[in-house]
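Have a look at the structure below before the remarks.
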Amino acid sequence: MATFFPGESHTFSEYLLVPGYSSQECVPDNVSLKTPLTRFRAGEQPAISLNIPMTSAIMQSVSGESMGIALATEGGMSFIYGSQSSEDEAAMVKSVKDHKAGFVISDSTLTPGMTLAEVMQLKMRTGHSTMPVTDDGLAHGKLLGIVTSRDYRPSRDDPAKRVEEFMTPREKLIVGDEHITLKRANDVIWDSKLNALPVVDASDYLLGIVFRKDYDAHKTNPNELLDANKRYMVGAGINTRDYETRVPLLLDAGADVLCIDSSEGYSEWQKRTISWIHGTYGEDVHVGAGNVVDAEGFRFLADCGADFIKVGIGGGSICITRETKGIGRGQATALIDVCRARDEYFKEKGVYVPVCSDGGIVYDYHMSLALAMGADFMMLGRYFARFDESPTARVNVNGQYMKEYWGEGSVRARNWQRYDLGGAAKLSFEEGVDSYVPYAGSLKAGVESTLYKVKSTMCNCGALTIPELQQKARLTLVSSTSIIEGGAHDVVLKDHNQSISYR
Ligand code: RVP
C-alpha cells in the first residue's frame with residue numbers, strides 16, 4: 001500500500017499572517033533582511049549571507065549578466081542559467097565578477113551601417129536611448145561614436161538614414177581611460193555637462209559607460225552583495241551530467257556559489273555531484289541542491305553535504321510538471337514540512353542548512369508568508385523576468401508592454417537534462433510553457449517596493465529580523481470564502497470610462 005501524507009497540501013494564497021504585538025521600534029527602517037545562504041555549524045557564521053532574501057531563478061529568460069549585476073547591487077544573488085555551453089555560462093559569470101559598480105556594459109550597441117529605423121526598434125526593445133556605436137556592434141567593440149535621442153528627429157528624418165550620418169563621432173567624444181575611477185568619471189561628467197561617459201582601453205575598445213544617474217544610485221546602494229575583493233557576488237546553475245567539465249570553468253570565472261538545477265532532487269545523481277565537488281575542491285566550494293518537497297528529501301540532501309536546499313516541485317508560474325507527470329506538492333505545505341525538518345536537523349546535528357522556497361511566489365505578500373513559514377530566502381522567476389534587467393525582449397502585446405518568459409522545461413529552452421533523471425536518454429515531453437509577463441520597469445524600483453511591504457508585514461508581526469519572524473509568526477489557513485472576503489467585494493468598482501451624473 002502506498003504512503004498517504006495526512007491532510008491536503010496547500011499553497012501560499014491559502015494562508016494569512018495574524019499580526020502580533022509591535023513595539024515602537026517596529027518600523028521598516030529598523031528591519032534587517034540579512035539571511036544565511038550557506039550551511040553553518042551552531043555558534044558559527046555562514047560563509048555567505050545574502051543582504052536581502054532573494055535569488056533569481058536559474059533560467060534562460062531570467063538570469064544573465066545584467067540580472068546578476070542588478071540583483072547583487074540590491075543585496076541578493078542571481079544564479080546564471082546552466083542551459084547553455086559551459087564556456088558561455090562561465091563568460092556570463094566572469095562578466096558579473098568583472099563589472100565595476102557604476103560602469104555599465106551596453107545592451108544597446110549599434111554599427112555605423114544600421115538605419116534609423118533599426119535604432120528606433122532597438123530603443124523600443126531595451127528602453128535605452130544612449131547607444132554606443134562600435135565596429136562590430138558588440139558591447140566591447142572598437143568605439144566609433146555615440147547616438148542619443150538628441151541626434152535624430154523620428155518625425156522628420158528618413159528611417160533609412162544610416163547611423164554614421166547622425167552619430168556623434170569618436171573624435172568629438174570625451175572618454176575615460178581604463179584606469180579612471182568612478183569618482184573621477186563622475187567629475188568629468190559634471191565638468192563637461194555630459195549625461196554619459198564612455199570608458200575605453202588604450203586601443204579604443206569600449207569597456208563600459210558611466211551614466212550621470214547611475215553614479216548617484218551607486219552611492220545609495222548600501223546593501224550591495226560584495227566578495228572579499230569588493231566584486232559583486234554571483235551564483236551559477238549546474239547539472240548532474242557535465243559537472244566535471246563545467247564546474248572548473250565556473251569556478252575559474254569566479255562563481256561564488258553553485259546550485260544543482262533540477263526539478264527533482266532526491267536522487268543518486270545529486271549525491272554524486274555534491275560528493276564530486278566537495279571531494280575535488282573541499283567544503284569551501286559551496287553547492288546548493290534540490291528541489292525537494294518533504295522532510296525525507298531534505299535529510300537526504302543535507303546528509304549529502306548540500307550547502308542549501310531548494311523546495312518546490314511544480315509550483316513555478318511557467319511549470320506544468322504536475323500536469324504532465326503528476327508529481328509535486330502544494331508549495332506552502334512542502335515548505336513548512338521541509339523547514340521543520342531543517343530545524344530538527346539543526347537540533348540533532350548542530351548544522352543549519354538554509355532552505356530556499358523556489359517558485360510559486362505571485363504576490364509580494366507571498367514572500368512574507370514564505371519567510372514566516374521558515375524559508376531563509378526565495379528563488380524567483382516570474383518576478384524578475386518582468387524587469388528591464390532580464391535577458392528577454394520587451395514586446396508590445398495588444399497595447400501593453402510585456403517581457404517574454406519561458407520555462408526551462410519548455411521546447412524553447414530545450415534543457416532536457418534538467419528534467420530527466422540524469423541518465424543519457426532525453427525526454428520528449430514538455431514540462432514548461434512559453435509566455436509573457438507584464439513589463440515592470442527597473443529591478444531596483446520593483447525590489448525596493450516589494451521589500452518595503454515585506455518589512456512592513458514583519459513589523460506587524462513584531463519582528464525585526466527574519467529569524468525573529470520565523471519564531472513569532474502566527475499563521476492561519478483561510479477558507480475559500482474568506483479568500484473572497486480578502487479582495488474588494490460587494491462594491492461596484494469605479495471604471496474611468498463610465499459616464500456618471502451626480503443628480
Ligand atoms: P516562478 O517564480 O513561479 O516563475 O517559478 C520559477 C521556478 O520554476 C524556477 O526557479 C524553477 O524551479 C521552476 N521552473 C523553471 N522552469 C520550469 C519549467 O519549465 N517547468 N520550472
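For reference, positions follow the sequence shown, starting with 1. Order of appearance sets the numbers: ligands from 1, and atoms from 1 within every ligand.
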Subset of ligand 1 atoms that lie under 4.0 Å from at least one heavy atom of Ala57: 9 (C), 10 (O)

Using a distance-only test with no angle check, is there a side-chain donor-acceptor pair under 3.5 angstrom linking Tyr81 and Asp261? no

Checking the N or O distance criterion of under 3.5 Å, is ligand 1 in contact with Gly409? yes

N/O to N/O below 3.5 Å, does that happen between Thr321 and ligand 1? no

Could you list the atoms of ligand 1 found under 4.0 angstrom from a heavy atom of Arg382? 1 (P), 2 (O), 4 (O)

Taking the side chain as every heavy atom from C-beta outward, state whether Arg342 and Phe298 have any atom pair closer than 4.5 Å. yes

Check each atom of ligand 1 against the heavy atoms of Met59 and keep those under 4.0 Å away; list them by number with element. 9 (C), 15 (C), 16 (N)

Quick check: Ile361 and ligand 1, any N/O pair under 3.5 Å apart? no

Under a 4.0 Å heavy-atom limit, does Leu380 contact ligand 1 with its side chain, its backbone, both, or neither? backbone

Please state whether the rings of Phe300 and Tyr266 are parallel, tilted or perpendicular, taking 30° and 60° as the class boundaries. tilted

Enumerate the atoms of ligand 1 whose separation from the nearest heavy atom of Ser317 is less than 4.0 angstrom. 1 (P), 3 (O), 4 (O), 5 (O)

Element-labelled atoms of ligand 1 that are located less than 4.0 Å from some non-hydrogen atom of Asp358: 7 (C), 9 (C), 10 (O), 11 (C), 12 (O)

Can you see whether Tyr243 has Arg241 sitting over its ring - NZ or CZ less than 6.0 Å from the centre and within 45° of the normal? no

Here the atoms of ligand 1 under 4.0 Å from any heavy atom belonging to Gly432 are 18 (C), 19 (O), 20 (N)

Kindly state whether the ring of Phe387 and the ring of Tyr439 have centres lying under 6.0 angstrom apart. no

Does Tyr405 approach ligand 1 within less than 4.0 angstrom via side chain, backbone, both or neither, non-hydrogen atoms only? side chain

Could an N or O of ligand 1 be found under 3.5 Å from any N or O of Lys310, whether backbone or side chain? no

Using side-chain heavy atoms (C-beta onward) and a distance below 4.5 Å, is Val478 in contact with Tyr15? no

Taking distance alone, with N or O pairs closer than 3.5 Å, would you say Ile318 contacts ligand 1? no

Under a 4.0 angstrom heavy-atom cut-off, which atoms of ligand 1 come close to Glu431? 18 (C), 19 (O), 20 (N)

Please state whether Gly360 comes within less than 4.0 angstrom of ligand 1, counting heavy atoms only. yes

Non-hydrogen side-chain atoms of Gln270 and Cys304 separated by less than 4.5 Å: no

Could you tell me if Arg41 sits above the aromatic ring of Tyr352, with its cationic atom closer than 6.0 Å to the ring centre and no more than 45 degrees from the axis? no

Side-chain contact, heavy-atom cut-off 4.5 Å: Ile52 with Leu451? yes

So, do Phe308 and Val257 sit near enough that their side-chain heavy atoms are less than 4.5 Å apart? yes

